[in-house]
Each structure stands twice: as C-alpha cells, then as structure tokens.
Amino acid sequence: MINKNRKYLTTGEFAKLCKVNKQTLFYYDKIGLLSPLLKNEKGYRYYSIRQIELFFVIDLLKSLGMSLNDIHQYMQNKSPESFLSLMYQQKEEIVKKRQEIEMREKIIQAKINLMVEASQLDFQQISLEQLPEATLYLSKNIENISDEEFVKVISDFIDELYISKLDTGYPIGVITKREHVLKGEFTNYSYLYIEQPNPKKGYPYLKAVKGNFLIGYHIGDEKTIHKTYKRLLSEMEHLNLVLGEYVFEEYIYDTVVKNQKEQYVTKIMMHVHQQEEKL
C-alpha cells in the first residue's frame with residue numbers, strides 16, 4: 001500500500017516533469033534503467049520526486065552520446081567514486097567536441113571570407129601585388145612522380161591534415177619551382193600546400209616567400225593553363241621583371257561551387273623581382 005504521508009508521482013506526472021512521453025519511461029523500466037519506486041496491485045506505477053535528478057543525469061549522458069547500455073552498466077555499479085570518474089570523463093569529451101566545433105567554425109569562416117573576396121575579383125586582370133609572408137604546411141615532394149604515386153601523396157597529405165587538425169579552410173594549393181616554369185613544365189608541381197594562419201608548434205612548415213607577386217587567374221582546367229602562364233610571362237617581361245624561386249597555384253572556384261570544369265578558376269601567384277635585382 002502507498003504511504004499517503006509521502007508524495008508520489010504517477011507515470012504521466014513524472015513524464016511531464018521530465019519533458020518526455022510515458023513510453024520512454026516504460027522503456028527505461030523494461031531495460032532496468034529507471035524503474036518506478038512503487039507499483040500497486042492494480043499495476044499503477046509511482047515515481048518519487050527524488051528520481052527526477054536520476055532521470056536528468058540519464059538524459060544528460062544520453063545527450064552526450066553515451067549509449068543506454070553503457071548508462072545501464074553505470075547504474076548497476078553506482079558509487080560516488082564512479083560518478084565522479086564518469087563526470088570527469090564526460091567533461092573531457094565535451095571539451096574535445098567544443099574544440100572540434102570551434103575548429104570547424106574557423107574553417108567555415110575562412111571559406112566564407114575567401115568566397116566573398118573571390119566574388120569581387122576581376123579574373124581577366126593581371127596585377128602586381130606585394131604579399132606578406134605566409135606559413136605553409138607542405139606535402140612530400142611530388143616532382144616527376146607517377147600518377148599512382150601522385151594519388152598516394154594527395155591521400156597521405158589529406159590524412160595528415162585530418163589527423164593533425166591542420167585543415168584551416170584554405171584551399172590546397174600547389175607549388176612549382178622556377179626551373180620547371182621556365183621550361184614550360186607548368187604542371188610539374190613540387191609540393192602541395194595549405195596555408196596556416198596560426199601555425200601549431202612541432203610541425204615542419206615553409207615560410208612562403210614574401211614580396212612582389214604577379215597574379216593572374218586561369219579559367220578552365222589544367223589542360224589549357226599554359227595559355228594563362230604565357231600571358232603572365234609576357235606581362236612579366238613587359239614590366240621588366242624576372243621570375244623568383246616559386247610559383248603558387250590555388251583554386252578560387254572548383255568542383256565545390258562550379259559544375260563545369262571549364263568554369264573553374266585557378267589563382268596563379270608568381271614571385272618576381274625587378275630585372276636589376278640579384279636573385
């Protein structure tokens with residue numbers, strides 16, 4: 001018999017306080033996760049007000065991705081020590097998730113900034129600009145390698161970015177050395193790279209050459225990129241400039257925002273010096 005001097009809650013009342021439906025409570029009772037404090041001879045279920053905190057902890061753990069089976073295991077071995085250990089563990093998980101969300105937010109913001117900037121560019125224009133030094137994370141050398149090896153290097157590079165959390169939202173670009181460009185080997189790349197606005201300690205980086213860059217844009221795929229390079233080299237000669245150590249390429253518009261490869265846009269940045277300067 002129910003002690004009338006104590007306040008008990010029906011399943012409906014308890015469900016309303018916990019903001020769930022009664023079926024959830026029936027299921028929790030069935031699997032032994034949270035059972036009513038009392039059941040009378042007619043089968044009516046009654047919960048104690050003290051069980052609300054237990055439900056809230058179950059709901060918290062569930063919202064953090066903990067399985068009902070793991071929660072049940074904890075419920076079978078409850079103690080202040082195991083509860084404290086569980087809370088510390090879940091706090092660490094939350095910190096990791098928050099860091100991941102913050103990283104993704106930075107990636108998305110970088111992509112927004114780049115796309116807004118791209119929308120204001122004149123892709124027909126060739127300009128001479130002074131660029132600040134940038135820190136780049138590089139792949140292994142990819143000069144003169146086979147297509148099969150090239151695919152593996154790309155795969156390894158992307159894995160490195162994921163594992164080491166080095167994806168910054170900036171496009172993956174390619175670096176071509178001066179000697180290859182002057183030979184007309186415009187797609188004989190030397191490295192893949194991704195810019196690191198906030199470099200992490202403990203990783204090998206290249207400080208990109210700062211200074212004057214002749215910048216142009218190629219519209220289309222790499223099969224016709226030699227035409228844009230010839231335009232840039234012609235303009236470089238016209239301005240009495242000589243090519244520096246590296247040329248950098250990165251997509252402005254690619255398969256993410258364009259359906260046809262004829263509409264892809266590649267930014268080409270050629271490091272240059274005045275003719276009279278020593279290399």
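Values below: every heavy atom of this structure, side chains too, minus hydrogens, waters and symmetry copies. These numbers come from a predicted model, not from an experiment.
Between Leu239 atom CG and Asn212 atom CG the span is 10.5 Å, to the nearest 0.5 Å. Atom CD1 of residue Ile225 and atom OG1 of residue Thr266 lie 5.0 Å apart, to the nearest 0.5 angstrom. Taking OG1 of Thr176 as the start and CG of Leu182 as the end, the distance is 11.5 Å to the nearest 0.5 Å. The distance from atom CD of Glu195 to atom CG of Leu114, rounded to the nearest 0.5 Å, is 8.5 Å. Put simply, OH on Tyr229 and CD1 on Ile268 are 4.5 Å apart, with the number rounded to the nearest 0.5 Å. For the atom pair SG of Cys18 and CG of Leu9, the computed distance is 8.5 Å after rounding to the nearest 0.5 Å.
When all heavy atoms of Ser190 and His180 are compared, the closest pair comes out as OG-CD2, 4.2 Å. Contact between Tyr193 and Glu250 at its shortest, heavy atoms only, is OH-OE1, 2.6 Å. The two residues Ile142 and Ser139 have their closest heavy-atom pair at CG2-OG, 4.3 Å. Minimum interatomic distance between Thr11 and Phe26 (heavy atoms only, all atoms of both residues): CG2-CE2, 3.8 Å. Across every non-hydrogen atom of Val153 and Lys140, the tightest pair is CG1-O, 4.3 Å. The shortest non-hydrogen separation linking Ala208 to Glu133 is O-CG, 3.4 Å.
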Working for side chain to side chain contact (heavy atoms under 4.5 Å, CB included), residues Ile101 and Arg98: CA-CA 5 Å; Ile101 289 172; Arg98 183 172 66 243; 5.7 Å; no

Leu128/Phe213 under side chain to side chain contact (heavy atoms under 4.5 Å, CB included): CA gap, chis, key distance, verdict: CA-CA 6 Å; Leu128 181 63; Phe213 284 79; over 6 Å; no

Derivation and outcome, side chain to side chain contact (heavy atoms under 4.5 Å, CB included), residues Val265 and Leu121: CA-CA 11 Å; Val265 178; Leu121 295 173; over 6 Å; no

Residue pair Tyr162, Ile158: steps toward the side chain to side chain contact (heavy atoms under 4.5 Å, CB included) verdict: CA-CA 6 Å; Tyr162 175 77; Ile158 291 174; 5.6 Å; no

Criterion ring-ring contact (aromatic ring centres under 6.0 Å, His included) on Phe123 and Tyr253, from CA distance to verdict: CA-CA 11 Å; Phe123 297 140; Tyr253 294 155; 5.5 Å; yes

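Contact check for Leu131 versus Lys210: no side-chain heavy atoms found under the 4.5 Å cut-off. Side-chain contact check for Ile252 versus Glu117: every heavy-atom pair is 4.5 Å or farther apart. Inter-residue side-chain proximity for Phe157 and Ile194 is flagged as met; some heavy-atom pair is nearer than 4.5 Å. Between Ile175 and Leu138, the closest side-chain pair of non-hydrogen atoms falls below 4.5 Å. Using a 4.5 Å cut-off on side-chain heavy atoms (C-beta onward), Phe14 and Ile52 make contact. Val257 is not listed as a side-chain neighbour of Gln263, based on a closest heavy-atom distance of 4.5 Å or more. Asp29 places a side-chain heavy atom less than 4.5 Å from the side chain of Lys39.
Glu13 and Tyr47 form no side-chain donor-acceptor contact under 3.5 Å, judged by distance and modelled atom types alone. No donor-acceptor contact under 3.5 angstrom links the side chains of Thr187 and His226, judged on distance only. Between Ser127 and Gln125, the side chains place no donor N or O within less than 3.5 Å of an acceptor N or O (distance only, hydrogens not considered). Inspection of the Ser48 and Gln51 side chains reveals no N or O donor paired with an N or O acceptor under 3.5 Å. Under 3.5 Å, the side chains of Tyr137 and Glu160 contain a donor-acceptor pair of N or O atoms. A donor and an acceptor atom, one from each side chain of Gln73 and Asn77, are nowhere located under 3.5 Å apart.
A donor-acceptor pair under 3.5 Å links the side-chain atoms of Ser119 to the main chain of Val116, judged by distance alone. Although no hydrogens or angles enter the test, the distance criterion places a donor-acceptor pair under 3.5 Å between the side chain of Gln196 and the main chain of Leu166. Distance alone, capped at 3.5 Å, places no donor-acceptor pair between the Asn188 side chain and the Glu143 backbone. Using modelled atom types, one side-chain atom of Lys200 and one backbone atom of Ser164 make a donor-acceptor pair closer than 3.5 Å. The main-chain N or O of Val209 is never found under 3.5 Å from a side-chain atom of His271 such that the two would form a donor-acceptor pair.
Enclosure of atom CG in Asn259 is not indicated, since only 12 or fewer non-hydrogen atoms of other residues, nucleotides or ligands lie within 6.0 angstrom. Shown here is Lys97, whose NZ atom has more than 12 heavy atoms of other residues, nucleotides or ligands within 6.0 Å. Within 6.0 Å of CG on Asp147 lie no more than 12 heavy atoms contributed by other residues, nucleotides or ligands. Atom CD of Glu262 is surrounded by more than 12 heavy atoms from other residues, nucleotides or ligands within 6.0 Å. In the displayed structure, Glu93 atom CD is contacted under 6.0 Å by more than 12 heavy atoms of other residues, nucleotides or ligands. No more than 12 heavy atoms of other residues, nucleotides or ligands sit less than 6.0 Å from atom NZ of Lys165. The environment of Glu237 atom CD is sparse: at most 12 non-hydrogen atoms of other residues, nucleotides or ligands sit within 6.0 angstrom.
In the hydrophobic clustering of this structure, Val272 does not group with Tyr217; members are Ile, Leu, Val, Met, Phe, Trp, Tyr whose side-chain heavy atoms approach within less than 4.5 Å, directly or through other members. Taken together through direct or relayed side-chain contacts under 4.5 Å among Ile, Leu, Val, Met, Phe, Trp and Tyr, Met270 and Phe248 form parts of separate hydrophobic clusters. Cluster membership for Phe56 and Leu61, using ILVMFWY side-chain heavy atoms within less than 4.5 angstrom, is shared. A continuous path of hydrophobic side-chain contacts links Met66 to Phe83 [ILVMFWY only; heavy atoms under 4.5 Å]. Under the 4.5 Å side-chain contact rule for hydrophobic residues, Met115 and Val256 share a cluster.
Between Tyr203 and Tyr205, the ring planes lie tilted relative to each other; the angle falls in the 30° to 60° range.
Taking the six-membered ring wherever Trp is involved, the centroid distance between the rings of Tyr191 and Tyr246 does not fall below 6.0 Å.
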